[in-house]
2 protein chains.
Amino acid sequence: MEIREAVQRLGALAHETRLSVFRLLVRRGPLGLPAGEIAARMGISPPNASFHLAELARVGLVTAKRDGRSVIYSVDFAASLGLVDYLKENCCAEEAEPVVPLNSITRRKK
Amino acid sequence: MEIREAVQRLGALAHETRLSVFRLLVRRGPLGLPAGEIAARMGISPPNASFHLAELARVGLVTAKRDGRSVIYSVDFAASLGLVDYLKENCCAEEAEPVVPLNSITRRKK
DNA sequence: TCCATGTTTCTATTATTCTAGAAACGTTTA
DNA sequence: TAAACGTTTCTAGAATAATAGAAACATGGA
């Protein structure tokens with residue numbers, strides 16, 4: 001995953017309402033939930049839910065499909081796992097290669 | 001980890017400069033790097049680096065300690081791992097318990 | 001076709017975040 | 001103590017994100 005994509009997805013989850021929505025959808029699994037029910041469960045207005053769901057969809061963490069009058073949102077688990085893997089690899093690998101030539105950038109007089 | 005904390009840490013990483021700084025520090029490991037060298041490596045001004053480092057420190061992802069004139073920043077690996085674990089548990093557990101009583105919230109006429 | 005339902009888009013407002021540059025602060029060395 | 005260095009804080013401005021409510025859009029059923 002590229003850093004831009006990671007930043008966008010992290011940003012999408014970096015909001016309490018959106019993270020809660022996302023967790024709800026994860027628990028729900030592949031079935032997904034209609035937008036209106038998500039709004040009701042979260043206690044937010046349908047426009048607000050739509051706004052946040054659109055952001056989650058924009059960055060690829062959830063997908064939407066219409067079913068009659070409803071729009072069913074569900075998690076894209078591959079994308080979600082991809083983000084977790086990115087963090088694991090880039091943010092917790094303590095024993096990775098050292099950052100090399102310290103003095104090549106800030107030249108300090110010995 | 002509580003959701004508030006997760007949101008704050010996700011938000012701290014949801015910025016290209018900060019995520020790059022964080023990755024640099026992860027690669028550097030426990031030794032850490034002084035603020036000025038971080039700024040030089042990232043190609044940003046010292047005040048801007050300080051601003052982003054302060055945010056990373058505020059949410060607990062990095063720690064700072066003074067060493068002479070320099071301030072050395074290094075990753076808090078426990079906190080970082082905690083965030084990754086939070087995501088793994090809450091965002092990828094496809095087979096978790098189902099979201100239960102669908103009709104108790106939005107009552108639809110059968 | 002008309003109406004009800006579910007959802008999204010639009011508009012306006014407020015709040016937050018980011019950046020740049022100047023100034024201030026703390027530490028070391030002369 | 002004065003000067004230099006490394007870093008942070010402050011100030012102001014610009015950009016971005018979030019919320020509410022009204023309006024518009026899409027679908028299904030009478």
Output the single nucleotide from dA18(D), dT8(D), dT9(C) whose closest atom is nearest the side chain of Arg18(A).
dA18(D)

Give a yes or no on whether Val21(B) and Val84(B) share a hydrophobic cluster (residues Ile, Leu, Val, Met, Phe, Trp, Tyr; joining criterion: side-chain heavy atoms under 4.5 Å apart).
yes

Between CG of Leu33(B) and P of dG6(D) the distance, given in whole Å, is 15 Å

Output the rounded distance in Å from CD (Glu55(B)) to P (dT17(C)).
7 Å

For a side chain to side chain contact (heavy atoms under 4.5 Å, CB included) with Tyr73(A), tell me which candidate from Ile38(A), Leu33(A), Thr63(A), Leu56(A) qualifies.
Ile38(A)

Take atom CD1 of Ile38(B) and atom C1' of dT8(D), then tell me their distance rounded to the nearest Å.
14 Å

As a test of reading the structure: which of dC18(C), dA22(D), dT7(C) is closest to the side chain of Ala35(A), going by heavy atoms?
dT7(C)

Is any side-chain N or O of Arg66(B) closer than 4.0 Å to OP1 or OP2 of dG6(D)?
no

Quick note, His15(B) side chain, CB onward, closest among dA22(D), dA18(D), dC18(C) is dC18(C)

Between C1' on dT5(C) and CD on Glu37(A), what's the gap in Å once rounded to a whole number?
15 Å

If only atom types and distance count, is the side chain of Arg9(B) paired as donor or acceptor with the main-chain N or O of Gly82(B) below 3.5 Å?
no

When the distance from CG of Asn48(A) to C1' of dC10(C) is rounded to whole Å, what number comes out?
15 Å

Check whether Leu61(B) and Ile72(B) end up in the same hydrophobic cluster, where Ile, Leu, Val, Met, Phe, Trp and Tyr are linked by side-chain heavy atoms less than 4.5 Å apart.
no

Distance test, side-chain N/O of His52(A) to OP1/OP2 of dA17(D), below 4.0 Å:
no

Heavy-atom nearest nucleotide on DNA chain D taken for Ser50(B) and for Thr17(A); more 5' hit belongs to Ser50(B)

Between CZ of Phe51(B) and C1' of dT19(C) the distance, given in whole Å, is 8 Å

Distance in angstrom units between Lys65(A) NZ and dT27(D) C1', rounded
16 Å

Here the distance between atom P of dA18(D) and atom CD of Glu16(A), to the nearest Å, is 13 Å

Which nucleotide in dT8(C), dT19(D), dT19(C) has an atom nearest any side-chain atom of Val71(A)
dT8(C)

Assuming nearest nucleotide by heavy-atom distance, tell me which of Ala64(B) and Arg58(A) is located more 5' along DNA chain D.
Ala64(B)

Among dT7(D), dA22(D), dC18(C), which nucleotide has an atom closest to any side-chain atom of Pro34(B)?
dT7(D)

Is the shortest side-chain N/O distance from Arg69(B) to OP1 or OP2 of dT29(C) below 4.0 Å?
no

Has Tyr73(A) got a side-chain N or O lying under 4.0 Å from the OP1 or OP2 atom of dT8(C)?
yes

Any ion pair linking Glu55(B) and Arg18(B) (charged N to carboxylate O, less than 4.0 Å)?
no

